[in-house]
Amino acid sequence: MTDERKRNWSFILYPESAPSQWRTIIANYHVPTIISPLHDKDKENGKIKKAHYHIVMLFPSKKSYTQMKHITDALSAPIPKSVVSIQGLIRYFAHLDNPEKAQYDPQKIEGICGADPAYYLASTKADQRQLLKEISTYIINNHITSLSYLVDKILNDNNDRWFTVVAISNPWYITMLLNSEWKLKHQNRYK
């Protein structure tokens, strides 16, 4: 293998063979790093695969394969691989685009040393449409007429994806839908 140099590297870490302080070892590099939830439901040929984490390190400058291999060796991890698409990989951490695979909570994707998984989990247009449909259905089915009530529910549920759609992506649409529900309620359309 040539000693390629890349900024972003990923590897798999098996908790059973990694040092107990593996998180501290990674943090001591002071490199923005994103760690998947524990993949303990993945299957291969119908059998559960060995539990593992997917990890990506986002270096500010290019690192060689040899430099990265030194890190994975310290963690007793398999060989590192350069990353083609950070967003695609981070979405894979929860299998967001792989419905045939075990699903993991994207909220449990962890960023350390300044890495922000939410930045890479930004919804695709199709995801945003689906979330907007979910929120719209909730508003209509529950006759929600107050943005305050809707936001309170979202905050209590700690639903960052809904919050992004309501507060950032589609505030005008949500406001208009809430206003429509309010008008219907006050026209005594709901009995």
Side-chain angles (χ1 to χ4, degrees), residues 8 10 12-13 15 32-56 58 83-191:
N8 305 309
S10 71
I12 293 174
L13 184 131
T33 300
I34 300 176
I35 304 167
S36 76
L38 180 64
H39 280 221
D40 57 358
K41 296 181 285 242
D42 291 359
K43 290 185 178 180
E44 187 170 48
N45 299 325
K47 295 183 180 179
I48 298 285
K49 293 168 72 173
K50 188 173 11 173
H52 60 280
Y53 292 95
H54 293 272
I55 298 173
V56 63
L58 310 168
V83 176
V84 175
S85 167
I86 297 170
Q87 183 175 24
L89 180 61
I90 303 306
R91 290 179 62 79
Y92 181 79
F93 283 8
H95 293 159
L96 292 176
D97 302 312
N98 303 89
E100 74 284 2
K101 294 185 178 226
Q103 297 296 294
Y104 298 98
D105 185 353
Q107 304 260 351
K108 292 188 178 172
I109 297 174
E110 176 186 1
I112 61 173
C113 298
D116 181 8
Y119 176 79
Y120 300 103
L121 288 170
S123 300
T124 64
K125 293 292 183 189
D127 287 341
Q128 286 187 14
R129 274 192 305 277
Q130 183 57 40
L131 289 170
L132 194 55
K133 286 180 185 178
E134 289 173 21
I135 295 165
S136 298
T137 300
Y138 177 81
I139 289 170
I140 292 167
N141 288 347
N142 294 286
H143 310 296
I144 306 300
T145 60
S146 163
L147 180 60
S148 177
Y149 182 84
L150 178 64
V151 170
D152 185 55
K153 182 219 181 339
I154 291 169
L155 294 175
N156 284 330
D157 291 350
N158 197 25
N159 192 331
D160 289 339
R161 299 184 81 207
W162 274 30
F163 185 82
T164 300
V165 170
V166 169
I168 299 168
S169 303
N170 297 282
W172 178 84
Y173 170 83
I174 296 295
T175 300
M176 295 306 292
L177 183 58
L178 291 169
N179 285 342
S180 295
E181 280 298 305
W182 186 87
K183 286 178 184 175
L184 288 173
K185 183 177 183 178
H186 286 81
Q187 291 175 354
N188 295 321
R189 300 281 296 273
Y190 299 133
K191 302 287 181 187

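Here, residue 1 is the first one in the sequence, and each next residue gets the next number.
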Quiz prompt | Flag side-chain contact, heavy atom, 4.5 Å: Leu132 against Ile174 | solution = yes

Practice problem: Return yes when atom NZ of Lys41 has more than 12 non-hydrogen atoms of other residues, nucleotides or ligands closer than 6.0 Å, and no otherwise. | Solution: yes

Self-check item: Any side-chain heavy-atom pair of Ile34 and Glu110 under 4.5 Å
Solution: no

Self-check item: Sub-4.5 Å side-chain heavy-atom contact between Thr145 and His186
Solution: no

Quiz prompt | Residue pair Leu38 / Ala51: nearest heavy atoms and the distance that separates them | solution = CD1-CB, 4.0 Å

Self-check item: Side chains of Leu150 and Tyr138 in contact at under 4.5 Å (non-hydrogen atoms)
Solution: yes

Quiz item: Got Pro37 and Ile109 here, is their nearest side-chain heavy-atom distance under 4.5 Å?
Solution: yes

Quiz item: Any idea how Tyr104 and His39 line up, ring-wise: parallel (<30°), tilted (30 to 60°), or perpendicular (>60°)?
Solution: parallel

Quiz item: Does the side chain of Phe93 come within less than 4.5 Å of Val56's, by heavy atoms?
Solution: yes

Quiz item: Only one of His54, Lys101, Gln87 clears side-chain hydrogen bond (donor to acceptor under 3.5 Å, both in side chains) with Tyr92; which?
Solution: Lys101

Quiz item: Do Asn8 and Leu89 come close enough that some side-chain heavy atom pair is under 4.5 Å?
Solution: no

Exercise. Flag the pair Lys47 / Asn45 as yes when at least one side-chain heavy-atom distance between them is below 4.5 Å, and no otherwise.
Key: no

Self-check item: Identified side chain to side chain contact (heavy atoms under 4.5 Å, CB included) partner of Tyr53 from the options Asp40, Ile35, Ile12
Solution: Ile35

